[in-house]
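Since the structure is predicted, the reported quantities are computational estimates derived from the model, not experimental observations.
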Amino acid sequence: MTQAYESAGQAADHTASQQAATHHDVVIVGGGLVGASLAIALQDLPLDVALVEATPAGEMPAVFDQRNLSFAAATVNALTALGVMQRLQAPVGPIRRIHISRQGDFGRVRLDASQYQREFFGQVVVARDFGEALESRLQQLPRLTRYRPARFVGLGGSKVQQRSIRIIDAQGERQLACRLLVAADGAHSTVREALAIQSQVHDYQQTLFVARMRAEQAPDGTAYERFTATGPTALLPRGDRHFGVVHGVANDHADAVAALDEAGWLARIQAAFGWRVGRFIASGERSRYPIVRLVAERLTDSRAVLLGNAAQTIHPIGAQGFNLGLRDALTLAELLAQNLADVGAAPMLAHYARRRHEDRQRTLAFSDGLARITANDALLLSPLRGLGLVAADASASLQSYLVGGAMGFRGDVPALCREVNA
């Protein structure tokens, strides 16, 4: 095992004044939501784990901003078992009801967690608060080696039962060897590119705006998903009596929307969403993100695996991106626990790909299909969409399918998602 570079109870940081070890069992490239979660999930295994992070100690990765993360119930279960949810400082917003509609179409879908003997479908968490909770938990892992700030720059030479990579940090370039390389470095994954894993990319020609907003009515546990021809508008019930607003617009309108003053922005959201929560009266700063779908053509390579956005980046409709990525990480952690003798062996990686296939394909198809059909403004589709909403609202089987996906319990679900071991 790699020696601890700090006192017990703290993770080891490599700086310019320290000589890094070069061999690890598992090297995770990417310290964001999925990479950090995997490192925590591996804490109790007798493995030497390293985390390569682009952000210096004391700073937060850019992904941990003020956007709102919608955690499915399965995700809440897993992160509670991993000791992360307990470290959140800001109040969470439980999602007890879901209301789905489309602008200009009749019909709607209403789901209530109490009808399924559940307290909630999920919880809304502020990304910044989640990042701080992950960091607090990472600092408790005495065997974790953290290279930060460090950047993956390429693959090294290969040996039997070993994968080598090159990173650069304050000491310059160095080589790390591992039995398994994990790419958790996001949609623009440099590890995926170095492995020559091709990906299919679809640009939805949409931009997503995210903001914290206050309305006349405080959140009551209802999450609203309102579809329009230019993208979705979602209202998520935050725990601070505000709504997390997610608003999709066509790319050719994005600059104009970004330039709106607060009154103009509030009026735009009011027009897109309607008056279900009364008048919108205040908004925080807006952030914007392009909406692009990226799907890696395969999940594994020799002693390497892709997780999270490095494997698939999906449309935010339905808020399934991180939930899917966490299930990637937890499935891998389960298989590593069962294959400690050779954690990067080809049979284990093939097993991983098989286990993730159904969940991945269903989630990708649901997200992409919903994004395309709800954004299509063809008049002939309007009655079909309306009938579909009415049918879904009346059909117990269709609602159960939607609920299973919303809660993260569809397909082969990792054990931690099903049980809470606080």
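Remark: the backbone N or O of Gly308 is paired with a side-chain donor or acceptor of Asp328 at under 3.5 angstrom. Side-chain atoms of Arg192 come within 3.5 Å of backbone N or O of Ala310 as a donor-acceptor pair.
Sorted by first and then second residue, the side chain to side chain donor-acceptor pair (under 3.5 Å) pairs involving residues 244-254 (not counting sequence neighbours) are Thr207-Asn251, Thr233-His247, His247-Arg268. Counting only residues at least two apart or on different chains, the salt bridge (Lys or Arg N to Asp or Glu O under 4.0 Å) pairs with a member in residues 179-188 are Asp25-Arg179. The list of side chain to side chain donor-acceptor pair (under 3.5 Å) pairs with a residue in residues 29-44, not counting sequence neighbours, reads Gln43-Arg137. Contacts classified as salt bridge (Lys or Arg N to Asp or Glu O under 4.0 Å) and involving residues 232-242 (residues at least two apart or in different chains) are given here: Arg212-Asp240, Arg238-Asp240. Among residue pairs with one or both ends in residues 43-70, none qualify as ring-ring contact (aromatic ring centres under 6.0 Å, His included); sequence neighbours excluded.
Here the side chains of Asp220 and Arg97 are in contact, with some heavy-atom distance below 4.5 Å. Proximity of Asp412 to Thr331: side-chain heavy atoms (C-beta onward) are nowhere separated by under 4.5 Å. Taking the side chain as every heavy atom from C-beta outward, Pro232 and Glu225 approach each other to under 4.5 Å. Inter-residue side-chain proximity for Gln86 and Thr80 is flagged as met; some heavy-atom pair is nearer than 4.5 Å.
Checked against ring pair (Phe, Tyr, Trp, His ring centres under 6.0 Å), Tyr224 has the following partners two or more places apart in sequence or in another chain: His99, Phe273. Residues meeting the salt bridge (Lys or Arg N to Asp or Glu O under 4.0 Å) test with Arg163, sequence neighbours left out: Asp301. Every residue two or more places apart in sequence or in another chain was checked for a salt bridge (Lys or Arg N to Asp or Glu O under 4.0 Å) with Arg118, and none qualifies. Under the salt bridge (Lys or Arg N to Asp or Glu O under 4.0 Å) criterion, Arg214 pairs with no residue, sequence neighbours left out. Considering only residues two or more places apart in sequence or on other chains, Arg128 meets the salt bridge (Lys or Arg N to Asp or Glu O under 4.0 Å) condition with Glu132. Listed by chain and number, the residues in a ring pair (Phe, Tyr, Trp, His ring centres under 6.0 Å) with Phe130 are Phe71, Phe322 (sequence neighbours excluded). With sequence neighbours excluded, no residue satisfies side-chain hydrogen bond (donor to acceptor under 3.5 Å, both in side chains) with Arg279.
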key: Test log, rule side chain to side chain contact (heavy atoms under 4.5 Å, CB included), inputs Leu349 and Leu180   = CA-CA 10 Å; Leu349 294 179; Leu180 178 64; 3.9 Å; yes

task = Applying side chain to side chain contact (heavy atoms under 4.5 Å, CB included), run through Leu235 and Phe280 and close with a yes or a no.
result = CA-CA 11 Å; Leu235 262 68; Phe280 291 101; 3.5 Å; yes

request  = Walk me through it: do Leu416 and Asn77 pass the test side chain to side chain contact (heavy atoms under 4.5 Å, CB included)?
outcome  = CA-CA 7 Å; Leu416 283 184; Asn77 287 348; over 6 Å; no

message = For Ile40 and Leu141: C-alpha separation, side-chain torsions, deciding distance, then whether side chain to side chain contact (heavy atoms under 4.5 Å, CB included) applies.
response = CA-CA 8 Å; Ile40 295 168; Leu141 310 184; 4.2 Å; yes

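Note that the CD atom of Glu262 and the CD atom of Glu285 stand 12.0 Å from one another [nearest 0.5 Å]. For the atom pair CZ of Phe409 and CG of Asp359, the computed distance is 12.0 Å after rounding to the nearest 0.5 Å. Between the CZ atom in Arg327 and the CZ atom in Arg360 there is a gap of 12.5 Å [rounded to 0.5 Å]. Atom CG of Leu82 is separated from atom CZ of Arg87 by 11.5 Å, given to the nearest 0.5 angstrom. Rounded to the nearest 0.5 angstrom, Ile291 CD1 and Thr313 OG1 are separated by 12.5 Å. Atom-to-atom distance recorded for Ser70:OG and Asn323:CG is 6.5 Å, nearest 0.5 angstrom.
Salt bridge Glu135/Arg146: present, at least one basic N to carboxylate O contact under 4.0 Å.
The environment of CD in Glu297 is crowded: more than 12 heavy-atom neighbours from other residues, nucleotides or ligands sit within 6.0 Å.
Between the side chains of Tyr352 and Asn339, no donor-acceptor pair is found at a separation under 3.5 Å. Side chains of Arg356 and Gln312: a donor-acceptor N/O pair is absent below 3.5 angstrom, by distance only.
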